[in-house]
Number of protein chains: 2
Amino acid sequence: MGLELPLDQILVGDCIAEMQRLPPASVHAIFADPPYNLQLKGDLRRPNDTLVDGVDDAWDRFADLATYDAFTRAWLAEARRVLRKDGTIWVIGSYHNVFRLGAALQDLDYWVLNDVIWRKANPMPNFRGRRFTNAHETLIWAARGEESRYRFNYAAMKALNEDQQMRSDWFIPLCTGPERLRDAAGAKVHPTQKPEALLHRVILACTNPGEIILDPFLGTGTTGAVARRLGRHFIGIERDQGYADAAAERIQAIVPLSETAALTMAGKREQPRIPFGTLVERGLVPPGSLLMDRARRWSATVTADGSIRCGRAQGSIHQVGAAVQEAPSCNGWAFWHVELPGGRLRLLDEFRAEILGLQA
Amino acid sequence: MGLELPLDQILVGDCIAEMQRLPPASVHAIFADPPYNLQLKGDLRRPNDTLVDGVDDAWDRFADLATYDAFTRAWLAEARRVLRKDGTIWVIGSYHNVFRLGAALQDLDYWVLNDVIWRKANPMPNFRGRRFTNAHETLIWAARGEESRYRFNYAAMKALNEDQQMRSDWFIPLCTGPERLRDAAGAKVHPTQKPEALLHRVILACTNPGEIILDPFLGTGTTGAVARRLGRHFIGIERDQGYADAAAERIQAIVPLSETAALTMAGKREQPRIPFGTLVERGLVPPGSLLMDRARRWSATVTADGSIRCGRAQGSIHQVGAAVQEAPSCNGWAFWHVELPGGRLRLLDEFRAEILGLQA
DNA sequence: TTCTAACCTGAATCCGCTC
DNA sequence: TGAGCGGATTCAGGTTAGA
């Protein structure tokens, strides 16, 4: 390999320069919370005349859109080099910058998979009453390229949402209370610290335990903290020494979850493949058995080599299932049943689950 | 003045050419639902093998992103000429095109005021389980320029939202049922007809009665129908004669409402839904926690994705609750408890109530 | 007539391994 | 690397058919 990856470390420096020192195709995922280019004009005051503590740090100011675009394209290009072929990138922004980010991603041959809306449970109201309450931010989730076979932990996301598909709109509170890092005077250490719940969902969605997530704009280290808790490795890059110090201290204090607690639901795709022939070999469905669909409309006979026959149609459980229904395809495991002595039908998939259970 | 405005008419033709014939600074608002450039490849089937009727119309196909960008900038530039100085524009899109739209708006010196999320009550699921359910579309709301004194009907929006500031995320159902235009054979007339509830909110937000809203991609005329109902004038441009005819017939049948009656047409109220995974993400019941039934007869471990495990059984709080009791079903919220430091058991439902209280 | 169950559908960039 | 094929995959709401 040559280069050693700086796992679970915070690199203090410019994110482009630091990424250039990483080997290509080396990280499984990237989460990036770049400067928003907010361009606030003057002070913003609440109706009671108190001053809103907005983002006016130097790192968030750019001369113009062209400068911001050049910066965006430079770090996104470097990020793409560092990203593994099956890796994905998350980028978060608001309407000030997210269109620049999205267009740059597309122009650099990333392939957008979703835009995800972080709906804030407790957004700051619009004090002037001149616009809609800006109650969300946008995350763009993209693969390295159009043909990428990227990772998506579908079953884990579904489990997180009580057994329904996870949607593209996420309702999560702002980072407040004890989670929010504050200095001795009680001031926010970082103006845009992201909630850990947001990173929890991001990291579970696209990485497995032991894999590596890179954050080129680490800030006060939410990505590192959640990665460590969930048993993932992180690489953080942060230009500001003060933020980096706060992040290091914060991440150090995180207690990683036990291996079992970090284990999420495995989808069927992740489970070992069992050929139907195995059921025949082991005598669970002996040759000569009769298979039937749920409505007992069709039946087929099991042969010794694990193929089945229904009239003139012979082939796999899938092929014959498709043939009798005149359907383009068929999952034979979820179609064919065996009649038990009492007359009840038992799905082939249940026999398979029995074998998978014995293996575990 | 010279030129007479074609009020409450549908101009059949290319939107750029037709806009060029309108005088400058003549309309108060623009709503534009341009082609999304979806780039669908093969066909898509539901798990039950039925075919999804995707958008494959010729008007949605572009050679590449550069062609799409050129088209976008051309019509946006013409729209800006036609827009009054105090006018605003709404543009709707999905992740396929919305970044191109937003970047073009900014480059043409429009000033983005909000991005607004249309959260769909009933989106189409992701049938292959390869991405998050694409459950929203994005509207960009922009003024003609940075210094524009644009109109925003703050009080009307607040009234529509039970006297709270209107947020940037709107929960609105798809256009289905009787509202959806269908031909004699029952086929949808237009593949992407927008719901009237969406336009209702848009038009109320940025126009007054008697003012003019322009739609350069009228389609089957939702903008015209809602404008007429709300006592606004519209100018519609549509290239396809069939769509234009359907729109004309539809708008003709609309009965204008009084403004007070219009205000009563609020959006659908959403029921909050808290999945168990939310408690896990937010750290109320962290991964690794032990759940117990009231009699402490069974216990289960919480994992990072909100599933729980008891022996070999893993699944939702409901599934595992049912499994350990050998019952057909179980309400996990009312079954599982967490042991508090003092030893007292606290029901999961109480944690959920806590979150619901915060949201209200 | 009324209730229930089955069926239909919506702006969708929707598979992945083996040979 | 392209073909072949195993087999994984859906939610809400409206409409229609049937009991």
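These values consider heavy atoms only, across backbone and side chains, with no hydrogens, waters or symmetry-generated copies. Throughout, protein chains are lettered first and strands after them, A, B, ... in sequence-line order, and every chain is numbered starting at 1.
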Within this structure, what is the [atom1]-to-[atom2] distance between [X] and [N], rounded to whole angstrom?
{"X": "A/D169", "N": "D/dA12", "atom1": "CG", "atom2": "P", "answer": "12 Å"}
{"X": "A/E270", "N": "D/dG7", "atom1": "CD", "atom2": "P", "answer": "15 Å"}
{"X": "A/M166", "N": "D/dT9", "atom1": "CE", "atom2": "P", "answer": "16 Å"}
{"X": "B/N97", "N": "C/dA12", "atom1": "CG", "atom2": "C1'", "answer": "13 Å"}
{"X": "B/D43", "N": "D/dT9", "atom1": "CG", "atom2": "C1'", "answer": "15 Å"}
{"X": "B/D57", "N": "C/dA12", "atom1": "CG", "atom2": "P", "answer": "12 Å"}
{"X": "A/I274", "N": "D/dA8", "atom1": "CD1", "atom2": "C1'", "answer": "16 Å"}
{"X": "A/W333", "N": "D/dG6", "atom1": "CH2", "atom2": "P", "answer": "12 Å"}

Please list every donor-acceptor pair under 3.5 Å in which a side-chain atom of residues 41-49 of chain B meets a protein atom from a residue at least two apart or in another chain.
unit_1, atom_1, unit_2, atom_2, d
B/K41, NZ, A/E146, OE2, 2.6
B/R45, NH1, B/D49, O, 2.6
B/R46, NH1, B/T50, OG1, 3.1
B/R46, NH1, B/L51, O, 3.3
B/N48, OD1, B/T50, N, 3.2
B/N48, OD1, B/T50, OG1, 2.8

(request) Would you give the length of the straight line joining atom CD1 of B/I140 to atom CG of B/L101, rounded to the nearest 0.5 angstrom? (result) 5.5 Å

What I'd like to find out is whether the side chain of [X] reaches to under 4.5 Å of the side chain of [Y], using heavy atoms alone.
{"X": "B/W118", "Y": "B/P195", "result": "yes"}
{"X": "B/K194", "Y": "B/I92", "result": "yes"}
{"X": "B/R273", "Y": "B/P275", "result": "yes"}
{"X": "A/I117", "Y": "A/T138", "result": "yes"}

For nucleotides [N] and [M], find the distance between their [atom1] atoms and express it as a whole number of Å.
{"N": "C/dC14", "M": "D/dG6", "atom1": "P", "value": "23 Å"}
{"N": "C/dA11", "M": "D/dT15", "atom1": "P", "value": "16 Å"}
{"N": "C/dG10", "M": "D/dG7", "atom1": "C1'", "value": "26 Å"}

For [N], give its Watson-Crick or G-U wobble partner with both distances under 3.5 Å, or none.
{"N": "D/dT10", "result": "none"}
{"N": "D/dC5", "result": "C/dG16"}
{"N": "C/dA5", "result": "D/dT16"}

Determine: side-chain N/O of [X] to OP1/OP2 of [N], distance under 4.0 Å, yes or no.
{"X": "B/N122", "N": "C/dG10", "answer": "no"}
{"X": "B/K120", "N": "D/dA12", "answer": "no"}
{"X": "B/R273", "N": "D/dA12", "answer": "no"}
{"X": "B/T176", "N": "D/dG13", "answer": "no"}
{"X": "A/H318", "N": "D/dG6", "answer": "no"}
{"X": "A/Q319", "N": "D/dG6", "answer": "yes"}
{"X": "B/R182", "N": "D/dT15", "answer": "no"}

(request) Take nucleotides 14-19 of chain C nucleotide by nucleotide from the 5' end and write B, S or -, depending on whether a protein heavy atom sits under 4.0 Å from the base, only from the sugar-phosphate, or from neither. (result) BBSS--

(message) Just to verify, which of A/F31, A/W90, A/Y150 counts as forming a side-chain contact (heavy atoms from CB on, under 4.5 Å) with A/C206?
(response) A/W90

Hey, does [X] reach any base, or is it just sugar-phosphate, or nothing, if we go heavy atoms under 4.0 Å?
{"X": "B/G177", "result": "sugar-phosphate"}
{"X": "A/P275", "result": "nothing"}
{"X": "B/P195", "result": "nothing"}
{"X": "B/R180", "result": "sugar-phosphate"}
{"X": "B/S94", "result": "nothing"}
{"X": "A/C330", "result": "base"}
{"X": "B/D33", "result": "base"}
{"X": "A/S329", "result": "base"}
{"X": "B/N37", "result": "nothing"}
{"X": "A/K158", "result": "sugar-phosphate"}

(message) Let me spell it out: for each of A/A334 and A/R167, pick the nucleotide of DNA chain D with the closest heavy atom. Which residue's pick is nearer the 5' end?
(response) A/A334

(request) Return the 5'-most residue of the pair A/Q165, A/R352 with respect to DNA chain D, ranking by each residue's nearest nucleotide. (result) A/R352

(message) From the set D/dA12, C/dA12, C/dA11, return the single nucleotide nearest to any side-chain atom of B/N134.
(response) C/dA12

(message) Does atom CZ (A/R309) have a neighbourhood of more than 12 heavy atoms from anything else shown, all under 6.0 Å?
(response) no

(request) Please assess A/R119 against B/D169 for the test salt bridge (Lys or Arg N to Asp or Glu O under 4.0 Å), listing each intermediate value before the final yes or no. (result) CA-CA 7 Å; A/R119 301 175 51 224; B/D169 54 329; 2.6 Å; yes

(message) Between A/D107 and B/R100, does the salt bridge (Lys or Arg N to Asp or Glu O under 4.0 Å) criterion hold? Intermediate values first, please.
(response) CA-CA 10 Å; A/D107 290 341; B/R100 321 309 296 189; 2.9 Å; yes

